Asks: 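This is the structure I want to talk about, given as structure tokens.
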Amino acid sequence: MPATDAFLAEANARGFVFQCTDPEGLDALLRAGPVSGYIGFDCTAPSLHVGSLVQIMLLRLFQRYGHRPVVLMGGGTTRIGDPSGRDETRQLLSDDEIAANMAGIRRVFEPYVRFGDGPSDAITANNADWLDALGYIPLLRDVGRHFTVNRMLTFDSVKLRLDREQPLSFLEFNYMILQSYDFRELYRRHDVRLQMGGSDQWGNIVSGAELTRRTEGAQVFGLTTPLITTASGAKMGKTAAGAVWLTAERLSPFDYWQFWRNTEDADVGRFLRLFTEISVPRIKRLEAGDINEAKKHLATAATALAHGPEAAAAAAEAARRLFETGESAELPVTTLPRAELAVGLPAFRLFTLAGLAASNAEARRLIRGGGARINDSPVADETLTIGLADLQQGAIKLSAGRKHHRLIRPD
């Protein structure tokens, strides 16, 4: 997608752009002056993980070029659940859970975008503010008549679920209409002219642009990012130990640094472009050099954005000490009650509590596969009791594979 606008040009160069409703029109709009653009985030968890990072980085880039990011919190749509890319219905959350999740997600954005009252300062919006006030019959009359079921069935968010013969509730089927309504409402309230999102949102974005054109007579635009998977085909944001969260309360800066350090060789250049602000010419030089050094640059730059430069430097130094000298003083620590360790826990349970496995079953498989070590010794028995007697210098060191480590300390 050739572009003369500086934001679009860099977004293209870094690999952010997949589809656009009208590339030439959007390019002209962005060159004419600051534009408000939004991405929506449903509040299904108290944090976001790396799977959302492309969207966050796109908002950051958007702001860097003088435009205004709008972070739309799905306080209303979370009550329904987005069917895009899913084979099953999401678990419905209570209003209190949604509110708590929304507060956590708002904090995720603070290191990435600048909030305030200036022309390019980011703002947040909550679609519950307008969706909660909707009357069902007026919605059907005023908005529903602009949607045909025939066309809705052709969009991937609906079609894939039906093709796989997975149930799609009527509640979820309405998600497209509500997201389209969001776009129109944000245009009315904040003059939002651009919606961005992942490629799985294309149908919803196009529908919102069409609704706004038909009811407001306004041209608005949509832009999607490509689906980000690793070179081996894995989905971004997940590891054997669970989701790669963007907040330190859910994942330590050390583990976050390690996640990026463990990037597959074939992904390093692409991830440097998407997930750091290192210039493209410098990235090309890193790609041409030592791949492990490039991975360290990726890990440190990505961690600095999420957790700050000091935390990134500390994580890099802790990794150097661990892997080059064997020191473990800076490893992440999980604290367990002394009374619990006095009784002892099965080895598999300890790995789960430490966050090195997503479940007890996952921990058992890790041990059976020979990938678990305690105090640098292989664990042969998944039910082996581990307790205070295993403390070495006040801690128990757990290792999952060669790259994931934790210290267990009694409280």
Side-chain angles (χ1 to χ4, degrees), residues 18-21 36-44 48 51-52 54-55 58-59 69-86 89-90 92-93 98 101-102 105 123-136 138-140 142-149 151-161 168-216 218-225 227:
F18 181 62
Q19 296 162 298
C20 182
T21 54
S36 294
Y38 90 96
I39 300 179
F41 299 86
D42 276 347
C43 307
T44 54
L48 296 175
S52 298
V54 166
Q55 312 309 326
L58 185 58
L59 287 176
V70 178
V71 178
L72 178 65
M73 301 291 189
T77 45
T78 302
R79 294 174 181 163
I80 293 176
D82 184 0
S84 303
R86 298 186 65 85
T89 301
R90 290 185 188 272
L92 296 181
L93 302 177
I98 291 172
N101 290 347
M102 192 182 308
I105 290 171
I123 63 171
T124 58
N126 177 4
N127 63 15
D129 291 346
W130 50 85
L131 296 181
D132 285 359
L134 285 175
Y136 187 57
L139 175 68
L140 290 180
D142 298 338
V143 177
R145 65 190 178 92
H146 295 290
F147 293 79
T148 67
V149 171
R151 187 158 189 237
M152 291 171 74
L153 291 173
T154 68
F155 287 121
D156 285 347
S157 58
V158 173
K159 186 174 182 294
L160 291 177
R161 184 84 71 87
L168 178 72
S169 71
F170 182 69
L171 185 69
E172 294 173 289
F173 189 63
N174 282 274
Y175 192 94
M176 183 183 298
I177 294 176
L178 296 182
Q179 184 168 325
S180 300
Y181 189 90
D182 286 345
F183 199 172
R184 189 183 76 171
E185 196 66 20
L186 286 169
Y187 169 78
R188 287 177 170 179
R189 294 178 179 228
H190 301 291
D191 193 31
V192 170
R193 303 288 299 276
L194 172 65
Q195 182 182 173
M196 298 172 280
S199 59
D200 60 341
Q201 297 298 313
W202 178 247
N204 297 334
I205 291 172
V206 168
S207 297
E210 290 183 353
L211 175 66
T212 306
R213 176 181 58 79
R214 289 176 178 175
T215 61
E216 306 300 305
Q219 185 179 19
V220 293
F221 300 87
L223 184 148
T224 64
T225 59
L227 175 67

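These numbers come from the heavy atoms of this one structure, side chains and all, not from hydrogens, waters or symmetry mates. All figures in this text were calculated on a predicted structure; none of them were measured in a lab.
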Asks: Start with the C-alpha distance between C43 and I98, add both sets of side-chain angles, then the distance that settles side-chain contact (heavy atoms from CB on, under 4.5 Å), and finish with yes or no.
Replies: CA-CA 6 Å; C43 307; I98 291 172; 4.2 Å; yes

Asks: Can you check whether L48's main-chain N or O pairs, donor with acceptor, with S52's side chain at less than 3.5 Å?
Replies: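 Side chain of S52 to backbone of L48: no pair is present.
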
Asks: Please report the shortest heavy-atom distance between A209 and V220, naming the atom on each side.
Replies: CA-CG2, 3.6 Å

Asks: Under 3.5 Å, is there a donor-acceptor pair between the side chain of R184 and the main chain of G208?
Replies: no

Asks: Are W130 and Y181 side-chain neighbours, meaning at least one heavy-atom pair lies under 4.5 Å?
Replies: yes

Asks: Before you tell me yes or no, could you show the steps for V206 and T21 under side-chain contact (heavy atoms from CB on, under 4.5 Å), namely the whole-Å CA-CA distance, both residues' side-chain angles and the distance that decides it to 0.1 Å?
Replies: CA-CA 7 Å; V206 168; T21 54; 4.2 Å; yes

Asks: Can any side-chain N or O of N126 pair as donor or acceptor with the backbone N or O of A128 at less than 3.5 Å?
Replies: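 Answer holds: yes.
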
Asks: Can you see which heavy atom on L59 is nearest to which on G37, and at what distance?
Replies: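 Looking at all heavy atoms of both residues, the closest pair is CD2-O, 4.3 Å.
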
Asks: Can you tell me how far apart CD (Q179) and CG (L211) are? Round to the nearest 0.5 Å.
Replies: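 Answer rounded to 0.5 Å: 12.0 Å.
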
Asks: For a side-chain contact (heavy atoms from CB on, under 4.5 Å) check, start with the C-alpha distance between V192 and F183, then their side-chain angles and the critical distance, and finish with the verdict.
Replies: CA-CA 8 Å; V192 170; F183 199 172; 4.2 Å; yes

Asks: Evaluate S199 against Q19 for side-chain hydrogen bond (donor to acceptor under 3.5 Å, both in side chains), listing each step before the verdict.
Replies: CA-CA 8 Å; S199 59; Q19 296 162 298; 5.6 Å; no

Asks: Where is the tightest heavy-atom contact between W202 and C20, given as atom of each residue plus distance?
Replies: CH2-C, 3.7 Å

Asks: Could you pull out all residues at least two apart from R214 that satisfy salt bridge (Lys or Arg N to Asp or Glu O under 4.0 Å)?
Replies: none

Asks: State which residues pass side chain to side chain donor-acceptor pair (under 3.5 Å) with R188; sequence neighbours excluded, sorted by chain then number.
Replies: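 In terms of side chain to side chain donor-acceptor pair (under 3.5 Å), with neighbours along the sequence ignored, R188 is linked to E216.
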
Asks: For the side chain of T78 and the backbone of T44, is there at least one donor-acceptor N/O pair under 3.5 Å apart?
Replies: no

Asks: I'd like to check L72 versus L186 (side-chain heavy atoms, cut-off strictly below 4.5 Å). Are they in contact?
Replies: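 Result yes, sub-4.5 Å side-chain heavy-atom pair found.
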
Asks: The criterion is side chain to side chain donor-acceptor pair (under 3.5 Å); which residues satisfy it with N101, sequence neighbours excluded?
Replies: none

Asks: Quick one: side chain to side chain donor-acceptor pair (under 3.5 Å) partners of N127, sequence neighbours excluded?
Replies: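 For N127, the residues satisfying side chain to side chain donor-acceptor pair (under 3.5 Å) (neighbours in sequence not counted) are T77, D182.
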
Asks: Identify the heavy atoms of M176 and S207 that sit nearest to each other, and give their distance.
Replies: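 Here M176 and S207 meet closest at SD-OG, 3.5 Å.
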
Asks: For Y38, enumerate each residue passing the side chain to side chain donor-acceptor pair (under 3.5 Å) test, keeping only those at least two apart in sequence or located in another chain.
Replies: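 With neighbours one apart ignored, the set is Q195.
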
Asks: Please examine the side chains of H190 and S36, heavy atoms only from C-beta on, and report whether any two atoms are closer than 4.5 Å.
Replies: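 No, every pair of side-chain atoms sits at 4.5 Å or beyond.
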
Asks: Could you list the residues that satisfy salt bridge (Lys or Arg N to Asp or Glu O under 4.0 Å) with D132, not counting sequence neighbours?
Replies: R79

Asks: Test side-chain contact (heavy atoms from CB on, under 4.5 Å) on M73 and I105 and set out the steps.
Replies: CA-CA 9 Å; M73 301 291 189; I105 290 171; 3.8 Å; yes

Asks: Roughly how far, to the nearest 0.5 Å, is the CE atom of M102 from the CG atom of D42?
Replies: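 Here the interatomic distance stands at 9.5 Å.
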
Asks: Any heavy-atom pair between the side chains of Q201 and M196 that's under 4.5 Å?
Replies: no

Asks: Are any non-hydrogen side-chain atoms of I123 and V71 less than 4.5 angstrom apart?
Replies: no

